[in-house]
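What follows is a short report on a single structure.
Residue indices begin at 1 and follow the sequence shown.
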Amino acid sequence: MDSFGPLGCLLPLCCCPPGSCLPAVRFCLPLVLASLPTMATGEEIAPALQDSWGDFWLFRFFVNAAGYASIVVPGFLLIQYFKRRNYLETGRGICFPVIKSCVFGSEVKSVHQDDGSLPPRAEPTESSTARQVFKLLFCAAGLQASYLTWGVLQERVMTRTYGATETDPGEKFKDSQFLVFMNRILAFTVAGLYCALTKQPRHGAPMYKYSFASLSNILSSWCQYEALKYISFPTQVLAKASKVIPVMMMGKLVSRKSYEYWEYLTAALISVGVSMFLLSSGPNRTVSTVTTFSGIVLLAGYIIFDSFTSNWQDALFTYKMSPVQMMFGVNVFSCLFTVGSLLEQGALLESLRFMARHSEFTAHAVLLSVCSACGQLFIFYTINQFGAAVFTIIMTLRQAFAILLSCLIYGHTVTVVGGLGVAVVFVALFLRVYARSRMKKCSKKLPPGDTPVQKV
């Protein structure tokens with residue numbers, strides 16, 4: 001893609017200043033906003049959501065989108081201007097290196113393929129099976145530790161109050177976008193310091209291409225935070241466990257990537273097995289919040305945006321770059337988008353005041369950001385080494401591990417269906433590892449250009 005094409009739907013939202021368009025939205029959309037949560041279930045909106053339309057997720061989504069559009073639209077116009085002027089050949093002056101890096105990049109892709117699919121990832125050609133297994137276990141362990149801790153803190157911040165006393169019930173933190181900003185600013189700092197202190201490959205990708213993954217990553221994180229207000233925990237983890245296939249389908253759309261038949265089969269088996277385990281062993285599954293239409297929409301948004309993010313990052317690795325460079329590029333735009341939107345809404349100062357009032361929230365937000373930064377390092381490294389589908393499988397298994405730990409620590413029983421689900425998952429993983437090893441052996445024996453099996 002050469003422009004901010006997918007962001008064109010945000011153009012109408014930037015026609016008026018963010019502050020001036022709020023009253024119009026309040027009066028033009030009340031019926032729509034009122035009906036959305038109850039369309040599928042016929043249930044009433046929670047009293048807390050009736051206090052102000054500004055607390056409703058769809059209203060906040062449009063306001064956030066307007067803030068992003070105020071940055072996206074000028075950037076889109078500048079990129080088109082420089083391309084029409086053929087600035088790469090005619091440009092001069094002190095700003096030329098910056099504009100060249102942001103709009104055109106410094107070199108072409110490292111590998112070209114006739115079929116348009118992605119090249120093999122940066123793996124040593126003589127790498128042993130034991131070394132690859134160790135790398136995969138390292139990635140899996142890092143992702144599990146980072147995001148299991150992150151999940152516990154996420155639930156604490158979004159569902160519990162701060163400053164509660166015997167006479168004061170305390171207050172909840174409501175701004176999901178500020179938490180996204182906190183996560184991204186620390187990740188940006190860590191990646192920037194790492195790139196400055198260590199030797200990195202020469203960067204060749206146009207900087208603006210990171211904005212696609214950045215915007216989809218922001219929206220997926222926001223949808224995930226907001227969904228916890230409307231849906232039950234088992235429903236959310238079930239949706240995460242079943243997103244392996246959507247990631248693979250998004251890979252075909254975004255990257256024109258091809259998968260083997262056995263990859264679709266094992267991905268489906270993993271999704272089925274984890275779903276069986278989650279539904280049969282989920283703690284307190286009968287005492288969770290009621291699933292609403294709003295929660296379903298937010299979950300769908302999370303899955304779509306997250307699938308796009310993984311595959312777009314996978315496609316960007318066709319340029320010469322390290323995972324930390326990817327982390328830095330994505331978080332540059334994430335910080336720009338979120339801080340711009342927060343400042344326009346006046347929410348940044350309000351969130352900082354909340355941090356000043358509640359030191360416990362400050363500690364939780366900082367630790368949440370540390371886990372997110374470490375998790376992103378493992379995400380980019382895993383995608384670079386094994387691809388978006390393997391990364392999604394690891395993150396899917398994280399949900400089962402969380403419930404399994406709960407069963408071991410607190411004595412919850414695992415049903416026959418749950419045990420069967422675990423068996424299905426490990427059988428699928430064994431088949432996937434076996435098929436991958438067989439494919440590598442066959443590819444080494446075949447002459448260049450031959451394909452060992454048919455791809456879809």
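Nearest heavy atoms, Met327 versus Ala191: CG-CB, 3.9 Å. Scanning both residues, Leu377 and Val324, for their nearest heavy atoms gives CD2-CG2, 4.1 Å. For the pair Phe82 and Ile99, the tightest heavy-atom approach, listed with the atom from each and the gap, is CZ-CD1, 3.6 Å. Between Ser176 and Tyr225, the shortest heavy-atom distance links the atoms OG-CB, 3.4 Å. Between Glu226 and Lys174, the closest heavy-atom pair is OE2-O, 4.2 Å. Between Met321 and Tyr210, the shortest heavy-atom contact is CE-OH, 3.2 Å.
Note that CZ of Arg84 is 5.0 Å distant from CD of Gln80, once rounded to the nearest 0.5 Å. Rounded to the nearest 0.5 Å, atoms OG (Ser294) and CH2 (Trp57) are 6.0 Å apart. Between the CG atom of Leu299 and the CD1 atom of Ile303 there is a distance of 6.0 Å, given to the nearest 0.5 Å. Once rounded to the nearest 0.5 Å, the distance linking OG of Ser372 with CG of Leu153 reads 11.0 Å. The distance from the CD atom of Gln325 to the CD atom of Gln200 is 5.0 Å, given to the nearest 0.5 Å. For the atom pair CD1 (Ile218) and OG1 (Thr338), the distance works out to 5.5 Å, reported to the nearest 0.5 Å.
Among residues two or more places apart in sequence or in another chain, the ring pair (Phe, Tyr, Trp, His ring centres under 6.0 Å) test is passed with Phe305 by none. Scanning for side-chain hydrogen bond (donor to acceptor under 3.5 Å, both in side chains) contacts around Gln177 gives Asn64, Tyr68, Ser341, with sequence neighbours left out. When the side-chain hydrogen bond (donor to acceptor under 3.5 Å, both in side chains) test is applied to Tyr147, no partner is found at least two apart in sequence or on another chain. Under the rule for a salt bridge (charged side-chain N to carboxylate O under 4.0 Å, His left out), Glu350 has no partner lying at least two apart in sequence or in another chain. Scanning for side-chain hydrogen bond (donor to acceptor under 3.5 Å, both in side chains) contacts around Ser216 gives Thr309, with sequence neighbours left out.
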Derivation of the side chain to side chain contact (heavy atoms under 4.5 Å, CB included) call for Leu342 and Asp175: CA-CA 10 Å; Leu342 287 168; Asp175 197 336; 3.7 Å; yes
Stepwise ring pair (Phe, Tyr, Trp, His ring centres under 6.0 Å) test for His364 and Phe354: CA-CA 13 Å; His364 288 165; Phe354 190 95; over 10 Å; no
Test side chain to side chain contact (heavy atoms under 4.5 Å, CB included) applied to Arg160 and Lys172, step by step: CA-CA 6 Å; Arg160 304 300 176 90; Lys172 287 185 177 181; over 6 Å; no
Check against ring pair (Phe, Tyr, Trp, His ring centres under 6.0 Å), Phe138 and Phe378: CA-CA 9 Å; Phe138 173 73; Phe378 282 106; 5.3 Å; yes
Candidate pair Trp150 and Cys374, rule side chain to side chain contact (heavy atoms under 4.5 Å, CB included), full reasoning: CA-CA 10 Å; Trp150 179 81; Cys374 294; over 6 Å; no
Stepwise side chain to side chain contact (heavy atoms under 4.5 Å, CB included) test for Met355 and Phe178: CA-CA 11 Å; Met355 294 183 70; Phe178 179 78; 3.5 Å; yes
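Here the side chains of Ser369 and Val366 are not in contact, with every heavy-atom distance at 4.5 Å or above. The closest side-chain heavy-atom distance from Val72 to Phe337 is below 4.5 Å. Two residues are said to be in side-chain contact when any heavy atoms from C-beta on lie closer than 4.5 Å; Ile394 and Gln144 meet this criterion. A heavy-atom distance below 4.5 Å is not found between the side chains of Ser220 and Phe308. The side-chain heavy atoms of Phe59 and Val63, taken from C-beta on, include a pair separated by under 4.5 Å. Contact of the Phe188 side chain with the Cys335 side chain is registered, since non-hydrogen atoms from C-beta on lie closer than 4.5 Å. Side chains of Glu171 and Thr161 form no contact here, defined as non-hydrogen atoms less than 4.5 Å apart. A 4.5 Å side-chain heavy-atom check between Val103 and Leu78 finds every atom pair outside the cut-off.
Side-chain N or O atoms of Thr318 include one that pairs as donor or acceptor with a backbone N or O of Ala315 at under 3.5 Å. Checking side-chain atoms of Ser101 against main-chain N and O of Val98 turns up no donor-acceptor pair under 3.5 Å. Put simply, the side chain of Asp306 never gets that close to the backbone of Tyr302: no donor and acceptor are under 3.5 Å apart.
By the 30° and 60° cut-offs, the orientation of the rings of Phe61 relative to Trp222 is tilted. Note on ring orientation: taking the six-membered ring where Trp is involved, the planes of Tyr162 and His358 are tilted (angle from 30° to 60°).
A donor-acceptor contact under 3.5 angstrom links the side chains of Arg184 and Ser221, judged on distance only.
Residue pairs meeting the salt bridge (charged side-chain N to carboxylate O under 4.0 Å, His left out) criterion with at least one member in residues 360-387, sequence neighbours excluded: Arg156-Glu360.
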